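Notes to accompany the following structure.
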Amino acid sequence: MSDETRMELLRRVSQAGESANAKSEAIAMGLDRQQAEGLAVGLMNDGLLEMVSLSGSVRLTEAGKGLIAGAEAAATGTDDLPKLLEAIAKAGGLGLGQRDAGDLAADVACLMAHLQRSRPLDPVVRSCLAAIYGALDKAPEPAAAGLRVRINAFRKE
């Protein structure tokens, strides 16, 4: 399934709240029953949705919420870089090995400190963003995907 289709289903589940049924929402998007089930199962396997009841009710996981928030922030440009850096710092190692997690923490700290300058230097900001994006790209935890989308929005500015 395309990333756009996956994101559309996540948005619909988010809007439907606790009463969301992923298969029903996917069918409403125009998918057939088999595609709908495959999409829902794939999103659950990716850690973005979780089953709430045997009747098919689902809800977004924290990783799913992060991915939605990241996509919305990237689309609107309303994300706040210092808050995003704090969220990355609080997320811990995101499943990275000790060395990569340490590098990620150092890069986040470096950028946070550099943003305190009266006029942050563009090459430093870009280098830190690229390093943070690279670390998030290696991270196996689904929560890293939403953070990566949000960081990437700042890399394009």
Side-chain angles (χ1 to χ4, degrees), residues 1-20 22 25-26 28-29 39-52 57-157:
M1 239 5 96
S2 74
D3 286 343
E4 292 170 7
T5 303
R6 291 167 48 91
M7 287 301 294
E8 177 62 23
L9 181 58
L10 290 174
R11 281 187 197 96
R12 286 174 174 252
V13 168
S14 176
Q15 292 170 351
E18 291 295 319
S19 63
E25 295 294 334
M29 291 169 46
L39 178 56
V41 169
L43 291 170
M44 283 185 238
N45 288 340
D46 290 344
L48 301 172
L49 285 179
E50 61 186 356
M51 185 71 75
V52 177
S57 294
V58 296
R59 70 173 159 229
L60 294 173
T61 62
E62 289 304 312
K65 291 175 187 174
L67 187 58
I68 292 291
E72 288 172 356
T76 62
T78 59
D79 213 343
D80 180 9
L81 184 55
K83 288 181 183 176
L84 175 55
L85 294 173
E86 287 176 28
I88 294 170
K90 289 178 183 176
L94 296 165
L96 292 167
Q98 186 175 6
R99 187 164 89 182
D100 287 335
D103 288 346
L104 175 60
D107 293 332
V108 167
C110 177
L111 185 51
M112 288 174 81
H114 189 72
L115 291 174
Q116 299 302 310
R117 284 181 49 105
S118 61
R119 293 190 319 176
L121 302 172
D122 202 38
V124 176
V125 172
R126 289 186 189 281
S127 294
C128 289
L129 287 172
I132 292 167
Y133 181 86
L136 293 172
D137 200 33
K138 293 180 193 176
E141 288 192 17
L147 296 170
R148 190 172 57 243
V149 168
R150 293 168 66 188
I151 281 292
N152 201 37
F154 285 101
R155 291 179 65 204
K156 293 178 181 177
E157 289 180 355

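The figures that follow rest on heavy atoms only: side chains count, while hydrogens, waters and symmetry mates do not. All values derive from a computational prediction rather than experimental measurement.
- In this structure a side-chain-to-backbone donor-acceptor pair under 3.5 Å is present from H114 to L121.
- By the side-chain contact (heavy atoms from CB on, under 4.5 Å) test, A101 pairs with L96, sequence neighbours left out.
- The salt bridge (Lys or Arg N to Asp or Glu O under 4.0 Å) pairs that include a residue from residues 112-124 are D122-R126, where partners are two or more places apart or lie in different chains.
- With sequence neighbours excluded, no residue forms a salt bridge (Lys or Arg N to Asp or Glu O under 4.0 Å) with E86.
- The shortest non-hydrogen separation linking A22 to L9 is O-CD1, 3.6 Å.
- Atom CD1 of residue I151 and atom CG of residue L111 lie 7.5 Å apart, to the nearest 0.5 angstrom.
- With rounding to the nearest 0.5 Å, the separation of CD1 in I132 from CG in N152 is 12.5 Å.
- Listed by chain and residue number, D46 satisfy the salt bridge (Lys or Arg N to Asp or Glu O under 4.0 Å) test with R6 (two or more places apart in sequence, or in another chain).
- Atom CG in L104 sits 5.5 Å away from atom CG in L136 (nearest 0.5 Å).
- A side-chain donor-acceptor contact under 3.5 Å links S127 to the backbone of P123.
- P82 and L115 make their closest contact through CG-CD1, 4.4 Å (heavy atoms, listed as atom of the first residue, atom of the second, distance).
- With sequence neighbours left out, the side-chain contact (heavy atoms from CB on, under 4.5 Å) criterion links T5 to M1, S2, M29, L31, L39.
- Atom CE of M112 is separated from atom SG of C128 by 12.0 Å, given to the nearest 0.5 angstrom.
- Distance CG/D103 to SG/C110: 12.0 Å, rounded to 0.5 Å.
- Under the rule for a side-chain contact (heavy atoms from CB on, under 4.5 Å), the partners of A20 that lie at least two apart in sequence or sit in another chain are V13, A16, V58.
- The shortest heavy-atom contact between M51 and M44 is CE-CE, 4.0 Å.
- Under the rule for a salt bridge (Lys or Arg N to Asp or Glu O under 4.0 Å), the partners of R148 that lie at least two apart in sequence or sit in another chain are D137.
- Between the side chain of S57 and the backbone N or O of V52, no donor-acceptor pair lies under 3.5 Å.
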Does the side chain to side chain contact (heavy atoms under 4.5 Å, CB included) test come out yes or no for V125 and L129, once each step is laid out? CA-CA 6 Å; V125 172; L129 287 172; 3.8 Å; yes
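- Under the 4.5 Å side-chain criterion, counting only non-hydrogen atoms from C-beta, L60 is not in contact with L48.
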